[in-house]
Protein chains: 2
Amino acid sequence: MAVAMREANAGEGLTERQGAVLEQALRLLVDGGEKALTTAGIARAANCSKESLYKWFGDRDGLISAMIGFQASKVRTQDVAARALDAESLKRHLIVFAKDLLEVLAGDVSLALNRLAIGQASRDGSKLGHMLQERGRRQIGRRAAALLEAGRKAGLLTFDDADEAYGALYGLIVSDWHLKMLLGEEAGEMKKGFGRKAEQAVSAFLSLYGTKR
Amino acid sequence: MAVAMREANAGEGLTERQGAVLEQALRLLVDGGEKALTTAGIARAANCSKESLYKWFGDRDGLISAMIGFQASKVRTQDVAARALDAESLKRHLIVFAKDLLEVLAGDVSLALNRLAIGQASRDGSKLGHMLQERGRRQIGRRAAALLEAGRKAGLLTFDDADEAYGALYGLIVSDWHLKMLLGEEAGEMKKGFGRKAEQAVSAFLSLYGTKR
DNA sequence: TGCGAACCGTACCGTACGGTACTGATCGGG
DNA sequence: CCCGATCAGTACCGTACGGTACGGTTCGCA
């Protein structure tokens, strides 16, 4: 077999050619929605043949799964080593987290993939939904959990159930913005309100779960 | 013209026959997702002809719009006359609101219609999305706004921006449950946690926006 | 230089869907 | 008892998509 895969891309077993194809597929999806995500369209946009698509990804579902995996592999969440945490730096970290979360959720590709997975949730037994949840959500959830745990260890936060606290933080940050964007509300003008929104949410969260001073 | 419409159904200009057809269409959508929502399938399920479907609703989009309007017209939110509000009754009302909100969002038809609208958000300029927002969301939003305003008038709540307060309430109640359900997470086992979830959210909301005692 | 693998481009096939046209049955009013 | 309207059922048409097959080309390798 000599060299099974020539160039490993982003932790997946993908040729960089295949990565480029997935990139084009994501572009098509972002620009035109699921309707535009046809095998012929992808082949045309990526200058490859349909035959290659089926050889590499099996079928259309496999290709979509590969798209989700590919995109997830590109968005790596860096865990901020949260040592020497005081009230001020905790708040700063939380605000950064909130802004990042809003930015991620408002991203073109994220919205398009979520729309795709939601649209197929009834047909495929929510396979894509679970994949999106596992590969995307879990990552940022872990980052938040680490941050909250560090705050608790430092005596800055008090909570019994970490999941409950994270749920409150998430809800305060996101509210119904994500759904509105998924439904097609123009995300452009929303984005400029992210900073204020993030600070408000973190303030509220801290007055709920912060230790009194 | 004598009798233009024989029986007005739920405030829409719909024959009850047409309402029955929309009912069947909703059932198909709930059971099989968007893929199952074909004109031939609807005609078969409702024992009517495709020709009648096109005569009544124009085209497939018109039929889907009619489905949304039909469903929205069935879910009327009763405004609780919030007079004589004290701290206890406000909390009770808020908890009832929270439970209702979670129940509505977890409903079969609501999830199916939201999935449909989200899936088409990229194709149709989010026409369905806006419709869903206007006909569904706004209703329950107004109910919450009235409740919050009554609480403020009674000196039980303090906030400057009602929308901000409502956003916090909504986020605390819903968190990421709605998205998880849209993505296909099994809603059955979730529902039994709604009561506790609602009470926690309202408690948090009151400790944020309630007047100190 | 010759061979084989990978691959692009395209043509092709079966199917399924949106939308239209036609036929026959039912039913209310004159 | 007949007329016109409505509608169910079905056949039909054009299109578009998923998936497959084939000819021609490039490229690595012996």
Side-chain angles (χ1 to χ4, degrees), chain A residues 1-9 13-25 28-29 31-67 115-116 119-120 122-124 127-128, chain B residues 1-9 13-25 28-29 31-67 115-116 119-120 122-124 127-128:
Chain A
M1 60 177 60
V3 183
M5 59 196 67
R6 274 175 285 239
E7 324 194 27
N9 183 313
L14 294 177
T15 312
E16 75 172 13
R17 177 87 178 97
Q18 294 167 6
V21 169
L22 294 179
E23 200 81 55
Q24 290 301 316
L28 279 181
L29 178 64
D31 290 348
E34 183 191 353
K35 192 195 79 175
L37 199 66
T38 74
T39 54
I42 296 170
R44 203 177 320 120
N47 287 327
C48 75
S49 70
K50 289 171 66 175
E51 197 171 20
S52 300
L53 291 182
Y54 287 100
K55 170 180 291 188
W56 293 334
F57 306 109
D59 59 1
R60 189 171 182 268
D61 279 359
L63 192 139
I64 293 175
S65 297
M67 287 169 63
R115 289 201 186 105
L116 182 61
Q120 305 222 329
S122 321
R123 331 186 191 187
D124 65 355
K127 178 170 151 289
L128 294 183
Chain B
M1 58 174 62
V3 184
M5 58 195 69
R6 273 175 286 240
E7 325 197 24
N9 185 313
L14 293 177
T15 311
E16 77 172 10
R17 177 88 178 94
Q18 293 167 7
V21 169
L22 294 179
E23 200 82 55
Q24 289 302 315
L28 279 181
L29 177 65
D31 290 348
E34 183 192 352
K35 193 196 80 175
L37 198 67
T38 75
T39 55
I42 296 170
R44 201 178 319 117
N47 287 327
C48 74
S49 70
K50 288 171 65 175
E51 197 172 21
S52 301
L53 290 183
Y54 286 101
K55 171 180 289 187
W56 292 334
F57 307 108
D59 61 0
R60 189 171 183 269
D61 280 358
L63 192 138
I64 293 175
S65 298
M67 288 168 62
R115 289 199 186 106
L116 182 60
Q120 305 223 329
S122 321
R123 328 186 193 188
D124 64 356
K127 177 171 152 288
L128 294 183

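Naming convention: chains lettered A, B, ... in sequence-line order (proteins, then strands); numbering from 1 in each chain.
With sequence neighbours left out, the side chain to side chain donor-acceptor pair (under 3.5 Å) criterion links A:Ser52 to A:Ser49. Evaluation of the side-chain contact (heavy atoms from CB on, under 4.5 Å) rule for A:Ala46 yields A:Val21, A:Gln24, A:Cys48 as partners, not counting sequence neighbours. For B:Ser65, the side-chain contact (heavy atoms from CB on, under 4.5 Å) criterion is met by B:Lys127, B:Leu128, B:Met131, not counting sequence neighbours.
In this structure, A:Glu16 places its CD atom 16 Å from C1' of C:dA6, rounding to the nearest Å. Distance, A:Ile42 CD1 to D:dC17 P: 11 Å, rounded to whole Å. Residue A:Leu37 contributes atom CG, which lies 12 Å from atom C1' of D:dG18 at whole-angstrom precision. The NZ atom of A:Lys35 sits 15 Å away from the C1' atom of C:dC17 (whole-angstrom rounding). Straight-line distance from the NZ atom of A:Lys55 to the P atom of D:dC22: 14 Å, rounded to whole Å. At whole-Å resolution of the value, OH in B:Tyr54 and C1' in D:dC12 are 14 Å apart.
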Query raised in the report: Can B:Arg123 and A:Glu34 be said to form a side chain to side chain contact (heavy atoms under 4.5 Å, CB included), step by step?
Result: CA-CA 8 Å; B:Arg123 328 186 193 188; A:Glu34 183 191 353; 3.6 Å; yes
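Contact check of residues 56-65 of chain B against DNA chain D (heavy atom, cut-off under 4.0 Å) returns B:Trp56. For DNA chain D, the residues of residues 43-53 of chain B within the heavy-atom distance limit of 4.0 Å (strictly under) are B:Asn47, B:Cys48, B:Ser49, B:Glu51, B:Ser52, sorted by number.
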Identify each donor-acceptor pair in which a side-chain atom of residues 54-62 of chain A lies under 3.5 Å from a protein atom, sequence neighbours left out, and give them as a table.
{"unit_1": "A:Asp59", "atom_1": "OD1", "unit_2": "A:Asp61", "atom_2": "N", "d": "3.4"}
{"unit_1": "A:Asp59", "atom_1": "OD1", "unit_2": "A:Gly62", "atom_2": "N", "d": "3.0"}
{"unit_1": "A:Arg60", "atom_1": "NE", "unit_2": "A:Leu37", "atom_2": "O", "d": "3.3"}
{"unit_1": "A:Arg60", "atom_1": "NH2", "unit_2": "A:Leu37", "atom_2": "O", "d": "3.1"}

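Taking 4.0 angstrom as the limit, B:Thr39 places a side-chain polar atom (N or O) nearer than this to OP1 or OP2 of C:dG18.
Atom CG of B:Leu53 sits about 10.0 Å away from atom CD of B:Gln18, to the nearest 0.5 Å. Note that CG of A:Asp124 and NZ of B:Lys35 are 10.5 Å apart. Values are rounded to the nearest 0.5 Å.
In plain terms, the two heavy atoms of A:Leu28 and A:Ala36 that are nearest each other are O-CB, 3.9 Å.
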